[in-house]
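The shown structure was predicted, so the numbers you read here are calculated from the model rather than taken from an experiment.
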Amino acid sequence: ATMKTGYVKKETGSYLAHIVTKLVMPIWIMSTLLSDNVTVEKILNRKSLFFTGVLTCLILLLIGLFVAKIFKIHDRRKYVLLPLLFTTNSIFVGMPVCKLLFGESGVLSCTILGFGTEIVIWTIGIFLVTRGANKLRPAEEKIKFPLPAVTIVYVLCFILKFCGISLPAVLEPSFAALGNSVSYLAMLFLGMSLATIKFGSVFKDQMSYIYLFGRCLILPIIVNIVL
């Protein structure tokens, strides 16, 4: 309602997403992985989730490339379809839902799964999309390879944890409190995003059905087989 009435400006959603991905989410990852309650043994017991994340993203990326070739999707649409298929929404949906349903154990599992997906997304995935987008842009508007803040935090946290280093006790409550706000910020962002969508046009777009086929049918089948 606040978006429709103009009480909250449309660009607020992009600012909110930037704060979550660049600040709140890294802090939540640190408070989760570097907590004294999380041991190396617990992480290793969930190692299959890491490989599930990697495999899932790679398969969805290949499916996207295959579908784009079969249906002869134009490059401008192809490089929109690919990120939709192989990227995950663990930040704004996955982790808040896991925490609500399964508590801290679910958060740890989702974090490890997310690490696997982030590795693929921010290396192979973003390389392909960035390279493809640059083919369509003039030389002065080329996109630079983005710095994956969340992936860097993941790697550093795992290294510190395997070295036996945890978050200092004095910082843990503050990090946990700020990190836990991601659930509420995610709901705000999703609401703002949905308020700007014209749902009638979604059902007229062929690419919407390709996306739903990959995410709602192929992805669950892959995860079920791997796990």
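A distance-only check finds no donor-acceptor pair linking the side chain of K42 to the backbone of L108 [under 3.5 Å]. Listed for the Y154 side chain is a donor-acceptor partner under 3.5 Å among the backbone atoms of T111. Side-chain atoms of T117 come within 3.5 Å of backbone N or O of G114 as a donor-acceptor pair. Remark: the backbone N or O of K9 is paired with a side-chain donor or acceptor of T12 at under 3.5 angstrom.
Distance check: I112 CD1 to R46 CZ gives 6.0 Å after rounding to the nearest 0.5 Å. The distance from the CD1 atom of I29 to the SG atom of C157 is 7.0 Å, given to the nearest 0.5 Å. Going from atom OG of S31 over to atom CG of N37 covers 11.0 Å, rounded to the nearest 0.5 Å. Separation of atoms CG (L185) and CG (N180) is listed at 11.0 Å; rounding is to 0.5 Å. Distance check: L16 CG to T21 OG1 gives 9.5 Å after rounding to the nearest 0.5 Å. Once rounded to the nearest 0.5 Å, the distance linking CD1 of I27 with OG1 of T32 reads 11.5 Å.
By the criterion of side-chain heavy atoms lying less than 4.5 angstrom apart, applied directly or through intervening Ile, Leu, Val, Met, Phe, Trp or Tyr residues, F158 is grouped together with F51 in one hydrophobic cluster. Both V38 and I159 belong to a single network of hydrophobic side chains, linked directly or stepwise wherever heavy atoms of I, L, V, M, F, W or Y lie under 4.5 Å apart. M25 and Y15 end up in different hydrophobic clusters when Ile, Leu, Val, Met, Phe, Trp and Tyr side chains are linked at under 4.5 Å.
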Next item on the list: For side chain to side chain contact (heavy atoms under 4.5 Å, CB included), just list the numbers for L44 and F162, CA-CA rounded to whole Å, side-chain angles, deciding distance to a tenth of an Å, and then say yes or no.
Entry: CA-CA 10 Å; L44 292 177; F162 279 88; 4.0 Å; yes
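Residues I43 and T39 form no side-chain contact, since every pair of their non-hydrogen atoms from C-beta on lies 4.5 Å or further apart.
Closest approach of L49 and L113 over heavy atoms only: O-CD1, 3.1 Å.
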Scan the side chains in residues 57-66 for donor-acceptor partners under 3.5 Å anywhere in the protein, sequence neighbours excluded, and list what turns up.
none

Would you mind writing out the side-chain donor-acceptor pairs for residues 165-179 within the sub-3.5 Å range, not counting sequence neighbours?
| residue | atom | partner | partner atom | Å |
| --- | --- | --- | --- | --- |
| S166 | OG | D36 | OD1 | 3.3 |
| S166 | OG | K161 | NZ | 3.4 |
| E172 | OE2 | S35 | OG | 3.3 |

